[in-house]
Engineer: 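Structure incoming, see below.
Nothing fancy with the numbering, it's 1 onward along the sequence.
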Amino acid sequence: MKKILFFASILTLFFSCSNKIENVEKSFYYWKSNNWSLNSKESQVLKDLEVKKLYIKFFEIDHNEAYGDFPVSKTSLHFYQKEAFLIVPTVYIKNEVFKDTNRERIDTLAKNVAFLINKYINERFEGAIAAKEFQMDCDWTLTTKDNYFYFLKKLKAVSKKEISCTLRLYPYKYPEKMGIPPVDKATLMCYNLINPLANHSKNSILDIEELKLYLNKKRKYPLHLDIALPTYSWMQVYKNDHFYKVIYEGQKEVLKSLKEIKPLWYEVTKDTVVDNFYLRIGDKIKYENLTSKKINEAIEVIKKNVDFDANTTVTLFHLDEEQLSNYSNEELSSFYSNFSK
């Protein structure tokens, strides 16, 4: 009996250690649409961290009755890296696109998406390794699942590329309900866990207790999973207790005009202009940001509760000089390396 218990403990140890990531491929998302090129700081971060892969949002897909499905927020980026660099074209598709549609329209959408991605690759990304992967980003629901999954299959057929998609935590936890997307792999998005307007007391970008609710190691997801982590912050502006807008840029300047009134919440103490937007005395701001300690705490939760393959891509959202200035290069590097420890 003692021998049986001994070997059982050895097997338990073996399988608990087999989940370790042996090779972390470092990556960033690049989500800005109006920049012609990476600035010197952003390029230096890639060099210092030895990042050779970027998921670049090429465009978004919207829909209305007049124009049907059409691209918006198209990238202006021209990429001129001399060394080998892997570009993954990424497309955000609004869930509304897959409501009240039909197979003929979806067929056309798949062809148009593949065409526009290839057009941008040929025109704007000199020196980058030819894209072998397209990533689709869509918050599909039960009512749009079938149409979105059909689109993914059609896109793979017409593009002849590896297709990946983003995977939010809800469909990750409930695959029997939300379905398994028909893709080669998925990126698990470990942020934006809470509706930012529905819960005023928690950080909607990343809440550790909320994260734990969605992760369950007892069930292995039937796709290869990569991981995406947040390295961004934002300010939600409220005027007369009503949500008004989100501030992404110029946050450090805004902070000079704020006083804290309770955790996460601030009040504007003097009239301020930021990015052509006026903040007035008395406006309220919910400021959500993340420390490196909080991100590393999330990494430990993810490591304990998600089954990884030996080779996994870890992507930070996103490559932006102002947002990344909140972290040292050592801290950014740790967000990658801690997955293999």
Side-chain angles (χ1 to χ4, degrees), residues 25-62 67 69-94 97 109-138 155 158-166 187 189 226 228-232 234 246 248-251 275-276 313-327 329 332 336:
E25 185 174 24
K26 304 173 184 177
S27 178
F28 271 102
Y29 277 105
Y30 186 83
W31 219 246
K32 293 182 284 189
S33 300
N34 56 354
N35 288 44
W36 178 265
S37 64
L38 304 183
N39 63 36
S40 58
K41 172 64 175 177
E42 292 161 353
S43 295
Q44 192 63 45
V45 166
L46 295 178
K47 182 177 180 180
D48 291 344
L49 299 182
E50 298 181 324
V51 173
K52 300 291 185 181
K53 186 176 185 180
L54 277 181
Y55 287 82
I56 298 177
K57 186 188 73 171
F58 273 34
F59 50 89
E60 301 178 7
I61 299 293
D62 203 346
Y67 296 102
D69 304 321
F70 58 97
V72 295
S73 299
K74 294 179 279 189
T75 184
S76 299
L77 186 65
H78 287 63
F79 199 80
Y80 299 109
Q81 293 292 121
K82 294 181 181 179
E83 67 273 15
F85 209 98
L86 182 62
I87 296 297
V88 180
T90 304
V91 178
Y92 174 72
I93 309 177
K94 292 187 177 181
V97 170
L109 176 63
K111 293 175 185 177
N112 289 343
V113 166
F115 172 82
L116 190 54
I117 288 176
N118 287 322
K119 182 175 186 292
Y120 283 2
I121 290 173
N122 293 331
E123 292 177 352
R124 303 181 181 182
F125 294 92
E126 297 179 17
I129 299 174
K132 64 176 182 178
E133 172 191 352
F134 293 168
Q135 182 168 101
M136 299 297 110
D137 181 17
C138 179
L155 180 63
V158 299
S159 68
K160 311 298 184 189
K161 300 290 185 178
E162 183 178 85
I163 303 298
S164 66
C165 73
T166 56
T187 298
M189 315 300 279
D226 293 321
L229 293 171
T231 52
Y232 69 94
W234 57 21
V246 173
Y248 293 100
E249 300 179 358
Q251 294 177 18
D275 196 24
N276 296 319
T313 299
V314 176
T315 306
L316 305 183
F317 186 92
H318 67 119
L319 185 61
D320 175 83
E321 177 181 5
E322 181 176 345
Q323 300 283 354
L324 294 181
S325 67
N326 295 317
Y327 310 97
N329 279 356
L332 291 171
Y336 298 116

Engineer: Can you give me the closest heavy-atom contact between Pro71 and Ile61, atom names plus distance?
Structural biologist: CA-CD1, 4.1 Å

Engineer: Can Leu54 and Leu319 be said to form a side-chain contact (heavy atoms from CB on, under 4.5 Å), step by step?
Structural biologist: CA-CA 9 Å; Leu54 277 181; Leu319 185 61; 4.0 Å; yes

Engineer: Can you measure from CG (Leu109) to CD1 (Ile93) and round to the nearest 0.5 angstrom?
Structural biologist: 6.0 Å

Engineer: Other residues, nucleotides and ligands only: do more than 12 of their heavy atoms fall within 6.0 Å of CD on Glu50?
Structural biologist: no

Engineer: Could you please spell out the steps behind the side-chain contact (heavy atoms from CB on, under 4.5 Å) verdict for Asp137 and Tyr55?
Structural biologist: CA-CA 11 Å; Asp137 181 17; Tyr55 287 82; over 6 Å; no

Engineer: Heavy atoms only: give me the nearest Leu77-Leu38 pair and the separation to one decimal.
Structural biologist: CD1-N, 3.7 Å

Engineer: Between Glu42 and Lys47, does any side-chain N to carboxylate O distance fall below 4.0 Å?
Structural biologist: no

Engineer: Counting N and O atoms only, with roles assigned by atom type, does the side chain of Lys111 sit under 3.5 Å from a partner on the main chain of Val158, one being a donor and the other an acceptor?
Structural biologist: no

Engineer: Between Glu322 and Gln251, is there a donor-acceptor pair closer than 3.5 Å when you use the side chain of the first and the backbone of the second?
Structural biologist: yes

Engineer: Give the intermediate values and the outcome of ring-ring contact (aromatic ring centres under 6.0 Å, His included) for residues Tyr29 and Tyr232.
Structural biologist: CA-CA 11 Å; Tyr29 277 105; Tyr232 69 94; over 10 Å; no

Engineer: So, Gln323 versus Thr231: side-chain donor-acceptor pair below 3.5 Å or not?
Structural biologist: no

Engineer: Supply the atom-to-atom distance Leu155 CG to Phe134 CZ, rounded to the nearest 0.5 angstrom.
Structural biologist: 7.0 Å

Engineer: Between Ser37 and Asn35, is there a donor-acceptor pair closer than 3.5 Å when you use the side chain of the first and the backbone of the second?
Structural biologist: no

Engineer: Measuring from atom OG of Ser76 to atom CZ of Arg124, what distance do you get when rounded to the nearest 0.5 angstrom?
Structural biologist: 6.0 Å

Engineer: Over all heavy atoms of both residues, which pair between Ile87 and Ile56 is shortest? Give the atoms and the distance, please.
Structural biologist: CD1-CD1, 3.5 Å

Engineer: When the ring centroid of Phe79 is compared with that of Phe85, is the distance short of 6.0 Å?
Structural biologist: yes

Engineer: If you apply the rule side-chain contact (heavy atoms from CB on, under 4.5 Å), what do you find for Leu332 with Leu324, and how did you get there?
Structural biologist: CA-CA 8 Å; Leu332 291 171; Leu324 294 181; 4.0 Å; yes

Engineer: Is any side-chain heavy atom of Val113 closer than 4.5 Å to a side-chain heavy atom of Phe59?
Structural biologist: yes

Engineer: Tell me, with the steps shown, if Trp31 and Tyr92 meet side-chain contact (heavy atoms from CB on, under 4.5 Å).
Structural biologist: CA-CA 10 Å; Trp31 219 246; Tyr92 174 72; 4.1 Å; yes

Engineer: Using 0.5 Å steps for rounding, measure from the CG atom of Asp69 to the CG atom of Asp62.
Structural biologist: 9.0 Å

Engineer: Taking all heavy atoms of Ser27 and all of Val51, pick out the closest pair and write down the distance.
Structural biologist: CA-CG1, 3.9 Å

Engineer: Going through the checks in order, is the side-chain hydrogen bond (donor to acceptor under 3.5 Å, both in side chains) test met by Thr187 and Gln135?
Structural biologist: CA-CA 9 Å; Thr187 298; Gln135 182 168 101; 3.1 Å; yes

Engineer: With a 4.5 Å cut-off on side-chain heavy atoms, are Phe70 and Val72 touching?
Structural biologist: yes

Engineer: Decide if the gap between the ring center of Tyr30 and the ring center of Phe317 is smaller than 6.0 angstrom.
Structural biologist: no

Engineer: Taking only Lys NZ, Arg NE, NH1 and NH2, and the carboxylate oxygens of Asp or Glu, determine whether Glu25 and Lys53 approach each other closer than 4.0 Å.
Structural biologist: yes

Engineer: For a quick test of reading the model, state the closest non-hydrogen atom pair linking Ile121 to Pro89 and the distance between them.
Structural biologist: CD1-CG, 3.8 Å

Engineer: Please round to the nearest 0.5 Å and tell me the distance separating atom OG1 of Thr315 and atom OH of Tyr336.
Structural biologist: 7.0 Å

Engineer: Show, in sequence, the C-alpha distance, side-chain angles and deciding distance for Lys57 and Ser33, and conclude whether the side-chain hydrogen bond (donor to acceptor under 3.5 Å, both in side chains) test is met.
Structural biologist: CA-CA 8 Å; Lys57 186 188 73 171; Ser33 300; 3.2 Å; yes

Engineer: Just wondering, do Phe58 and Lys74 contact through their side chains at under 4.5 Å, heavy atoms?
Structural biologist: no

Engineer: Rounded at 0.5 Å granularity, tell me how far OG in Ser164 sits from CD in Glu133.
Structural biologist: 3.5 Å

Engineer: Inspect the surroundings of NZ in Lys32 and state if more than 12 heavy atoms from other residues, nucleotides or ligands are less than 6.0 Å away.
Structural biologist: yes

